[in-house]
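Counting begins at 1 with the first residue of the sequence. Numbering of ligands and ligand atoms starts at 1, following listing order. Any value given below was found using the heavy atoms of this structure, including those in side chains, with hydrogens, waters and symmetry copies removed. Note that the structure is a prediction, hence the values are computed from the model and not measured.
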Amino acid sequence: MAVPRYLNVAAAQMGPIQRDDDRAGVVARQIALLHEAAARGAELVVFPELALTTFFPRWFVDDISEADHWYERSMPNEATQPLFDEACRLGIGFCLGYALLGEDGKRWNVQTLVGRDGSIVATYKKTHIPGHEHHEPGRPFQHAERYYFEPSPDGFGVWDAFGAKVGMMICNDRRWPESYRVMGLAGVELILCGYNTPIHYVPDPSQDILQGFHNALVMQSGAYQNGTWVVGVAKAGVEEGVDSLGQSMIVAPSGQIVAQTLSCDDEVITARCDLDWCYRYKNTLFDFKRYRRPEMYGAITEH
Ligand code: CDT
């Protein structure tokens, strides 16, 4: 008989981080979330996208070096070492989103996965960069991610960690079925995804009322169609006047939401993830080897 595999996972949603909030204060909030997750038996805690700063792509600066202070130069660093130390002391792993300015001068939107012993498992760079490249002065706020970040050249990875096959994606990645499918093909069992989603979608405000629906729609379908757990974690609430979606959730391989936040503040939700549940889908309806027709899907990568 196979030994059942369970992983206690926490989504540590964060309320807004304002422009003047310093990293020490943000990390103190994260440590408080870590403690709450630990008290609930979590082994892995997932924080949002850009979890150390405000969502700075909402402002444009002509000289990008003026934005350097929003980026980390290394991980861990002086500001985040207390989080690493406390997580290691508690024996909890975590996944943290932040902006990274590499030694080569390249700017990335990343998530780092840290093991229960404090060692870095992997750093994932965001693949799909939404928004715009140039200043758009007519907008109520900018979404200039394409100015501030390069698209990852690495693609999606799946790592053996926490006794599971763990993948990562960041915010807009969750809207694309290819993100889940590439990881699904690598056998992913648990996908970790931080996000910052403004309620107001400037190019088409008719979508505003649907933000919560679309958020659940993509993560539930991605989980189900690939037989994987998905953990989606928001930086929520009104940040510098911009209202952002909460509704962080943990989705089972069946597509069912097993836990969801109720607030737009710092809030922890947890789930005991049965990793073998994935195979009820991977070995039946979504038995990729048996049923997929990749020779019919060429257009997806050709165009
Ligand atoms: N951070 C991020 O990727 N946000 C986008 C907002 C929509 S595009 C302006 C998202 O997909 O949620």
**Item:** Numbered atoms and elements of ligand 1 in range of Pro130, under 4.0 angstrom, heavy atoms
**Value:** 2 (C), 3 (O), 8 (S)

**Request:** Run the numbers for me: atoms of ligand 1, each under 4.0 Å from some heavy atom of Arg175, listed by number.
**Result:** 10 (C), 11 (O), 12 (O)

**Message:** Can you name the atoms of ligand 1, numbered from 1 with element, that are less than 4.0 Å from a heavy atom of Asn172?
**Reply:** 3 (O), 10 (C), 11 (O)

**Request:** Examine Tyr201 against ligand 1 and note whether any of their N/O atoms are separated by less than 3.5 Å.
**Result:** no

**Item:** Main-chain N/O of His128 paired to Asp173 side chain as donor or acceptor, under 3.5 Å
**Value:** yes

**Asked** If hydrogens are left out, which of His143, Gln142, Glu49 has an atom nearest to atom 9 (C) of ligand 1, that is, the closest non-hydrogen atom?
**Response** His143

**Request:** Using a strict cut-off of 4.0 Å, indicate which atoms of ligand 1 neighbour a heavy atom of Lys126.
**Result:** 1 (N), 2 (C), 3 (O)

**Nearest non-hydrogen partners of Ala99 and Phe149, listed with the distance** = CB-CE2, 3.8 Å

**Message:** Can you report which non-hydrogen protein atom sits closest to atom 12 (O) of ligand 1, along with the distance?
**Reply:** Thr197 OG1, 2.7 Å

**Prompt:** Hey, are Ser65 and Asp68 close enough side-chain-wise for a donor-acceptor pair under 3.5 Å?
**Reply:** no

**Asked** Which ligand 1 atoms are under 4.0 Å away from a heavy-atom of Asn196?
**Response** 1 (N), 2 (C), 4 (N)

**Item:** Tyr195 (side chain) donor-acceptor with Gly246 (main chain) under 3.5 angstrom
**Value:** yes

**Asked** Will you find, in the side chains of Glu86 and His35, an N or O donor that is under 3.5 Å from an N or O acceptor?
**Response** yes

**Item:** Glu145 touching ligand 1 at heavy-atom level, < 4.0 angstrom
**Value:** yes

**Prompt:** Leu96 and side-chain contact (heavy atoms from CB on, under 4.5 Å): which partner among Val114, Leu52, Leu113?
**Reply:** Leu52

**Message:** Does this structure show an ion pair linking Arg5 with Asp274, if we count only N-O contacts that are shorter than 4.0 Å?
**Reply:** no

**Fill in**
Exactly one candidate in Arg58, Gln18, Arg19 meets side chain to side chain donor-acceptor pair (under 3.5 Å) with Glu239; the answer is Arg58

**Item:** Proximal atoms of ligand 1 relative to Cys171 (non-hydrogen, under 4.0 Å)
**Value:** 1 (N), 2 (C), 3 (O), 4 (N), 5 (C), 10 (C), 12 (O)

**Request:** May I ask you to list the atoms of ligand 1 that are less than 4.0 angstrom from any heavy atom of Arg174?
**Result:** 12 (O)

